[in-house]
Number of protein chains: 2
Amino acid sequence: MKISTKGRYALTIMRHLGRSYHEGGYLSLTEISEREKISLKYLEKIMISLKKADFFEVQKGKDGGYKLKVDPKDITIGSIIRAAEEELDIVDCVKSGGCPNKNNCGTYPLWKGLSDEINDYLDSKTLKEYL
Amino acid sequence: MKISTKGRYALTIMRHLGRSYHEGGYLSLTEISEREKISLKYLEKIMISLKKADFFEVQKGKDGGYKLKVDPKDITIGSIIRAAEEELDIVDCVKSGGCPNKNNCGTYPLWKGLSDEINDYLDSKTLKEYL
DNA sequence: GTAATTCCTACTAATTTAGTAGTAAAATAG
DNA sequence: CTATTTTACTACTAAATTAGTAGGAATTAC
């Protein structure tokens, strides 16, 4: 049971963006790629997932990049990880539409409880706390 | 981020063993395999991991199998899952000897906190509660 | 001694995660 | 207006992990 590098790199991206939040300019993936020595192509791919969450404004072309449009104090770590990992559920049965037998399953409450625990924890932390 | 079938099947095995705890006899994997429609060979493999935890007495040969030597009320779900999954750590950096830079890492406390949260939750539940 | 069982070693298949490649489209500086 | 920089899109490959299978040796009850 692991948080994938995708999730961890997503947080890395968000931390860079978070740190430049008050400066106002755009930060490009090229820049983050160089600072972190992570391939630009891989960051681009992670960004595709991350964009679902609608955290940023995008500017193409020279001096372009991304900037946060939400204050880091209002972005939870959970929302970042969920966007990046597509699936943050500990077992398939807890996702919506998951198990048709959940009301009759001896272990469903266990996995549901764990899943809630994880999500609550990650939602209790904000990006600001980890800049 | 998922609990693997290995972990879930390990719990399935332990639930069967837990339910027959007070009868005292041995329960074979063949029997569990038939009840649950899970391949015997796969259950055997999972049992190899599970045995590390020293939960049972083993009897080879006819009418043999496994029986718990620890009361289900004293077995935590965490101890089962950790035995089965080899690695219950959310990121590599939290395992012992993990990251050499942990004291200087901006996100180590996040992952460590999450990891502790998960383990504490699973250790707060006993097998008895899920028979 | 035979049937049922665990124990041991090795292998294969399937799935997921990680990472790369190439190009198109947009935006801007100059 | 054009060269450059950047995101956006599509498709692929490689590596690692997870899931599952196969065959037989050792042990035990009857």
Side-chain angles (χ1 to χ4, degrees), chain A residues 1-13 16-17 20 25-52 54-69 81 84-92, chain B residues 1-13 16-17 20 25-52 54-69 81 84-92:
Chain A
M1 191 176 54
K2 284 261 157 47
I3 291 281
S4 64
T5 69
K6 199 172 176 188
R8 287 186 292 113
Y9 285 175
L11 181 54
T12 299
I13 292 172
H16 279 282
L17 255 20
S20 68
Y26 290 99
L27 182 61
S28 72
L29 292 185
T30 308
E31 177 67 26
I32 297 174
S33 163
E34 281 163 7
R35 288 189 204 161
E36 296 286 341
K37 313 291 183 211
I38 300 170
S39 113
L40 174 60
K41 285 295 185 186
Y42 196 29
L43 291 184
E44 284 176 352
K45 185 174 169 178
I46 291 165
M47 209 60 186
I48 291 172
S49 306
L50 218 34
K51 274 192 307 182
K52 292 196 316 289
D54 203 30
F55 293 133
F56 8 75
E57 276 162 16
V58 184
Q59 175 73 18
K60 286 185 181 177
K62 199 160 192 179
D63 291 321
Y66 302 89
K67 72 177 173 190
L68 293 182
K69 64 182 177 189
I81 303 295
E85 302 253 328
E86 318 290 324
E87 207 47 84
L88 221 190
D89 291 317
I90 229 67
V91 285
D92 286 335
Chain B
M1 192 172 59
K2 285 261 156 42
I3 292 280
S4 63
T5 70
K6 199 173 176 187
R8 286 186 291 113
Y9 286 174
L11 180 55
T12 297
I13 292 171
H16 280 282
L17 255 21
S20 68
Y26 290 98
L27 181 62
S28 73
L29 292 186
T30 308
E31 177 66 26
I32 296 175
S33 162
E34 281 163 7
R35 288 189 205 161
E36 295 287 342
K37 314 291 180 211
I38 300 169
S39 116
L40 173 62
K41 285 297 185 185
Y42 195 29
L43 290 184
E44 283 178 351
K45 185 174 170 179
I46 290 165
M47 209 59 186
I48 293 172
S49 305
L50 218 34
K51 275 193 306 184
K52 291 197 316 286
D54 202 31
F55 293 133
F56 8 75
E57 275 162 16
V58 184
Q59 175 72 17
K60 285 185 183 177
K62 197 159 191 181
D63 293 324
Y66 301 89
K67 72 177 172 193
L68 293 183
K69 64 181 179 191
I81 303 296
E85 301 253 331
E86 317 291 324
E87 206 47 85
L88 220 190
D89 291 319
I90 228 67
V91 285
D92 286 335

Rounded to whole Å, NZ of B/Lys2 lies from P of C/dT15 at a distance of 14 Å
Note: A/Ser49 and A/Lys6 closest approach over all heavy atoms is OG-NZ, 3.2 Å
Residues passing the side-chain hydrogen bond (donor to acceptor under 3.5 Å, both in side chains) test with B/Thr12, sequence neighbours excluded, are none
A/Tyr66 side chain N/O closer than 4.0 Å to the phosphate oxygens (OP1, OP2) of D/dA8?
yes
What side-chain donor-acceptor pairs closer than 3.5 Å can you find for residues 60-68 of chain A, not counting sequence neighbours?
unit_1	atom_1	unit_2	atom_2	d
A/Lys67	NZ	A/Gly24	O	3.2

*Residue pair B/Glu31 / B/His16, side-chain donor-acceptor N/O under 3.5 Å*: no
Shortest non-hydrogen pair, B/Leu40 vs B/Thr30, comes out as CD1-N, 3.7 Å
B/S/- along nucleotides 22-30 of chain C (protein heavy atoms under 4.0 Å) is BB--BBSS-
ask   = Are OP1 or OP2 of D/dA8 and a side-chain N or O of A/Lys51 less than 4.0 angstrom apart?
value = yes
Out of D/dT21, C/dG19, D/dT7, minimum distance to the side chain of A/Val58 belongs to D/dT7
Note: for B/Ser28 and B/Lys45 on DNA chain C, the residue whose nearest nucleotide lies more 5' is B/Ser28
Sorted by number, residues from residues 4-13 of chain B placing a heavy atom under 4.0 Å from DNA chain C are none
* **From CA spacing to verdict: side-chain hydrogen bond (donor to acceptor under 3.5 Å, both in side chains), B/Tyr42, B/Ser33** => CA-CA 9 Å; B/Tyr42 195 29; B/Ser33 162; over 6 Å; no
Whole-Å distance, A/Glu85 CD to C/dA18 C1', equals 13 Å
Here the distance between atom P of C/dC7 and atom CG of B/Leu43, to the nearest Å, is 14 Å
B/Ile32 CD1 to C/dA4 C1', in whole Å, measures 15 Å
Note: contacts of residues 33-40 of chain B with DNA chain C (heavy atom, under 4.0 Å) are none
If each end axis of the helix from C/dG1-D/dC30 to C/dG30-D/dC1 is fitted on five C1' pair positions, the angle between them, to 10 degrees, is 10°
TODO: Would you indicate whether the side-chain heavy atoms of A/Phe56 and A/Leu50 approach each other to under 4.5 Å?
DONE: yes
Interatomic distance, CD@B/Glu44 vs CD1@B/Ile13, rounded to 0.5 Å, equals 10.0 Å
Between A/Ile3 and A/Arg8, the two heavy atoms sitting closest are CG2-CG, 3.9 Å
Between CD1 of A/Ile48 and C1' of C/dA18 the distance, given in whole Å, is 14 Å
Practice item. Taking the side chain as every heavy atom from C-beta outward, state whether B/Arg35 and B/Leu27 have any pair of such atoms under 4.5 Å apart. Key: yes
Whole-Å distance, B/Phe56 CZ to C/dT6 C1', equals 12 Å
Taken to the nearest whole Å, OH/B/Tyr42 to P/C/dA13 is 17 Å
When rounded to the nearest 0.5 Å, the distance separating CD1 of B/Ile46 from CG of B/Leu29 is 9.5 Å
Here the distance between atom C1' of C/dT6 and atom CD1 of B/Ile46, to the nearest Å, is 15 Å
On a heavy-atom basis, the closest approach of A/Glu34 and A/Lys37 is O-NZ, 3.4 Å
dist A/Ile81:CD1 -> A/Ser4:OG (nearest 0.5 Å) comes out at 8.0 Å
Is there side-chain contact between B/Tyr9 and B/Glu36, with at least one heavy-atom pair below 4.5 Å?
no
